[in-house]
Amino acid sequence: MNEAVIQLKNLSKYFTVETNFWGKPTSVLKAVDDFTLDIFRGEAFGLVGESGCGKSTVGKMIAGLYKPTSGEIIFQDGTDLAKLSTKDRRKYCQNIQLIFQDPYASLNPRMKVEEIIAEPLKLIGKTDSGEIYDRTKYLMECVGLSDYHMDRYPHEFSGGQRQRIGIARALAMNPDIIVCDEPVSALDVSVQAQVLNLLDDLKKEFSLTYLFIAHGLNVVKHISDRVGVMYMGQLVEYAEKNELYNNPQHPYTQALLSAIPSPNPHRKKEQILLKGEVTSPIDPPDKCRFCTRCFRKEEKCEKLSCPTWTEVSPGHFVSCHLFQ
Amino acid sequence: MLEIKNLSVGFQQKKGTVNAVRDVSFNVGDDEIVAIVGESGSGKSVSSLAVMGLLADNAKIDGEILLNGENLLLKNEKEFQEVRGNKISMIFQEPMTSLNPTMRVGDQICEAILTHEKISKREAMGRAVELLCSVGIPAPDKRVKDFPHQMSGGMRQRVMIAMALACRPKILIADEPTTALDVTIQAQIMKLIQDLHVSYNMAVILITHDLGVVAEVADRVCVMYCGQIVENALVADLYDNPKHPYTKGLLESIPRIDEDKERLYMIDGVVPSPQNLPEGCAFAPRCPDCMEICKKSRPALVESEGRMLRCFLYHSVCEGEQK
């Protein structure tokens with residue numbers, strides 16, 4: 001498991017909010033700032049954080065939907081995807097696939113399921129219609145759809161089934177890594193369990209690697225091997241999942257974990273209520289982003305610039321001044 | 001205080017009537033937080049909209065909704081206006097879309113007060129500032145002049161709550177109040193609702209699909225499936241010992257932080273469409289404990305050991321013998 005499928009090095013994505021008269025940016029939104037992470041073959045890396053923290057932007061940069069402002073995305077063959085032209089980049093789309101959040105919006109309503117799943121195959125130059133048909137049929141079986149579903153349109157399916165179609169489409173290319181962007185947030189609890197189990201099975205069967213982006217911490221814990229927590233464009237802590245959930249170190253992770261309502265009425269735990277809300281990611285000051293809401297803030301947090309990584313235990317990294 | 005008896009709501013459509021809520025009965029006591037949980041389409045929002053008298057014209061409502069003994073369904077629109085916002089008020093899921101984007105939030109809160117009370121605009125504005133203060137908005141005297149788009153999601157939900165509290169209602173219906181919010185903000189808002197429940201001494205009906213939120217705040221839970229209540233029990237009883245197979249399945253299928261599970265439990269199949277309900281129990285096709293009788297006839301809501309259940313497994317012994 002030590003071979004990295006993808007390495008992200010100091011990855012950043014800034015969006016320009018305002019420009020001056022000469023078109024120079026005067027105000028930037030730092031959606032992702034200095035993001036460094038290795039994702040290993042065969043693992044599921046869960047990325048959690050609140051809305052607007054940049055977790056989807058990371059996924060979109062990996063999938064090639066956004067071009068990073070700076071930093072590197074090193075694929076397993078050593079190529080830096082961030083530097084490729086759009087045309088060269090397309091070749092790598094086969095290896096990196098995406099599953100989207102909204103199964104209602106991510107399928108073309110005018111295409112039959114068969115066409116939706118076969119489209120990526122045609123795009124990479126497969127022309128033998130028999131081969132395409134067999135592959136489509138096989139993929140649909142893998143995700144638990146029957147072959148009589150082939151001639152139907154997306155509106156004839158329920159949310160969970162549509163998500164299955166989306167998964168089959170992502171699998172069509174035999175990808176090395178699948179970026180799952182909130183794949184179960186739009187689904188009901190009972191259907192969510194079905195899709196999560198399916199993703200788990202497929203991971204074993206096809207030895208897939210997932211980057212699993214979600215805001216539901218319980219969902220992420222279930223599916224992932226390692227989990228990373230993001231706050232305002234920066235990764236603040238990552239570790240093996242049980243280590244992170246049982247022994248959170250960063251104050252934000254602690255607050256986040258304590259805020260999850262637990263379906264156990266007897267467990268009255270100490271809840272850490274954070275004051276205030278996420279501050280604006282536009283032109284953030286060069287210091288710890290969390291220090292405006294932090295309940296363990298010390299004097300040095302206000303003065304020092306962004307904290308760097310500390311390894312608190314093997315494989316458990318925290319970015320916080322308290323540990324330096 | 002609020003009694004709902006045999007409430008049924010059907011929507012007339014070209015293809016026929018869709019029965020969104022079927023024979024729902026429950027009570028809400030004076031100082032209770034009652035949660036209604038269920039998946040999308042289970043009729044939980046429709047029941048609450050019926051209580052508020054906010055259903056569309058094509059809705060056909062049967063049954064009784066008694067507020068302190070008065071049947072709300074017999075009231076005309078003008079009489080209902082007296083109740084709505086005054087005795088019962090509601091907060092909605094989407095704080096983004098349920099506030100008027102062209103009005104300052106202070107004016108929107110004043111509108112609610114001035115509809116029900118004869119006081120001057122200036123006094124009403126003073127009340128609005130107090131209300132914003134009580135829901136925890138910093139610098140309320142400045143914030144009353146803000147438009148909704150100048151506020152964040154959590155703030156807007158606080159404004160919605162302030163507006164709902166404007167006339168000190170007896171009952172607050174919160175329809176998925178935190179679904180659109182982040183967990184840390186959700187924790188703040190749920191804490192606020194709990195505090196206000198105590199300080200304003202009002203009953204709360206909390207509609208949600210999140211069983212975690214229910215466990216933390218509610219006293220009693222109604223679980224809905226396909227427009228019917230399938231189980232109604234105290235929170236501790238329900239979570240410790242769920243009886244209805246649907247409740248069991250629902251609790252089993254959530255991934256938990258405090259437990260490790262290799263595989264999640266799955267309820268097979270999907271929710272049937274309301275136009276095409278099975279002949280027997282609505283849950284029968286997905287039920288692991290389905291019996292012959294379940295496929296043929298529909299169970300009634302019966303009391304069993306201090307809770308209400310709609311399942312043949314718990315019907316009196318004589319019916320149990322048919323297993």
Side-chain angles (χ1 to χ4, degrees), chain A residues 48-53 157-161 184-198 200-201 214-223 231 241-242 245-246 252 255-269 271-280 293, chain B residues 37-42 136 138 152-155 178 180-188 190-191 208-219 221 234-240 246 249-271 273 286:
Chain A
V48 287
E50 298 181 274
S51 47
C53 73
F157 292 91
S158 68
Q161 282 176 314
V184 295
S185 335
L187 306 175
D188 273 320
V189 189
S190 67
V191 183
Q192 175 180 309
Q194 294 171 0
V195 173
L196 283 175
N197 281 342
L198 173 69
D200 230 10
D201 295 343
H215 66 267
L217 285 123
N218 53 349
V219 172
V220 169
K221 183 179 179 202
H222 180 78
I223 197 118
Y231 187 76
K241 68 169 171 188
N242 288 319
Y245 281 80
N246 298 332
Y252 178 64
L256 200 62
L257 286 173
S258 87
I260 322 167
S262 151
N264 178 355
H266 304 294
R267 211 172 65 125
K268 291 283 174 239
K269 51 180 181 185
Q271 224 180 36
I272 305 167
L273 274 187
L274 284 181
K275 284 192 207 92
E277 292 171 16
V278 182
T279 44
S280 158
R293 295 172 84 193
Chain B
V37 281
E39 298 181 276
S40 40
S42 60
S152 66
M155 290 281 223
T178 56
L181 305 175
D182 284 319
V183 258
T184 56
I185 310 295
Q186 164 171 301
Q188 293 173 356
M190 286 326 299
K191 179 86 181 18
T208 179
H209 64 265
D210 188 335
L211 287 151
V213 170
V214 174
E216 302 232 314
V217 302
D219 301 312
V221 198
L234 293 174
V235 165
D237 293 348
L238 187 99
Y239 282 79
D240 292 346
Y246 177 65
L250 210 56
L251 283 170
E252 282 285 305
S253 60
I254 8 174
R256 315 250 308 228
I257 296 278
D258 45 352
E259 282 168 28
D260 263 324
K261 275 184 245 172
E262 256 307 290
R263 273 183 85 71
L264 291 172
Y265 176 81
M266 295 190 280
I267 304 178
D268 286 330
V270 287
V271 181
S273 95
R286 304 175 76 189

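Per chain, numbering begins at 1; letters A, B, ... match sequence-line order.
Checking side-chain atoms of A/Asp188 against main-chain N and O of B/Glu39 turns up no donor-acceptor pair under 3.5 Å. The backbone N or O of B/Ile267 lies less than 3.5 Å from a partner atom in the side chain of A/Gln194, making a donor-acceptor pair. In this structure, the side chain of A/Asn218 engages the main chain of B/Pro255 through a donor-acceptor pair within 3.5 Å.
Contacts of A/Asp200 with chain B are made by side-chain atoms alone, with heavy-atom separations under 4.5 Å and no backbone atom involved. If you measure heavy-atom distances from A/Leu274 to chain B, the contacts under 4.5 Å come from both the backbone and the side chain. Looking at A/Leu273, only its side chain comes within 4.5 Å of chain B, counting heavy atoms on both sides. Of the atoms belonging to A/Gln192, it is side-chain heavy atoms, and not backbone ones, that fall under 4.5 Å from chain B. Heavy atoms of A/Asn246 lying under 4.5 Å from chain B are absent altogether. Using a 4.5 Å cut-off between heavy atoms, B/Met155 touches chain A through backbone and side chain atoms alike. Looking at A/Ser190, the atoms closer than 4.5 Å to chain B (heavy atoms on both sides) sit in the backbone and in the side chain alike. If you measure heavy-atom distances from B/Asp210 to chain A, the contacts under 4.5 Å come from the side chain alone. For chain A, no part of B/Glu252 is nearby; none of its heavy atoms comes within less than 4.5 Å. Looking at B/Tyr246, neither its backbone nor its side chain comes within 4.5 Å of chain A, counting heavy atoms on both sides.
Scanning both residues, B/Tyr239 and A/Pro263, for their nearest heavy atoms gives CD2-O, 3.3 Å.
For the atom pair CD1 of B/Ile254 and NE2 of A/His222, the computed distance is 12.5 Å after rounding to the nearest 0.5 Å. Here the CG-OG distance, from B/Leu211 to A/Ser262, works out to 11.0 Å after rounding to the nearest 0.5 Å. Atom CG in B/Leu264 sits 12.0 Å away from atom CG in A/Leu198 (nearest 0.5 Å). With values rounded to the nearest 0.5 angstrom, B/Thr184 atom OG1 is found 3.0 Å from A/Glu50 atom CD.
Looking only at heavy-atom pairs under 4.5 Å with chain B, the residue among A/Val191, A/Val220, A/Asp201 that has the most is A/Asp201.
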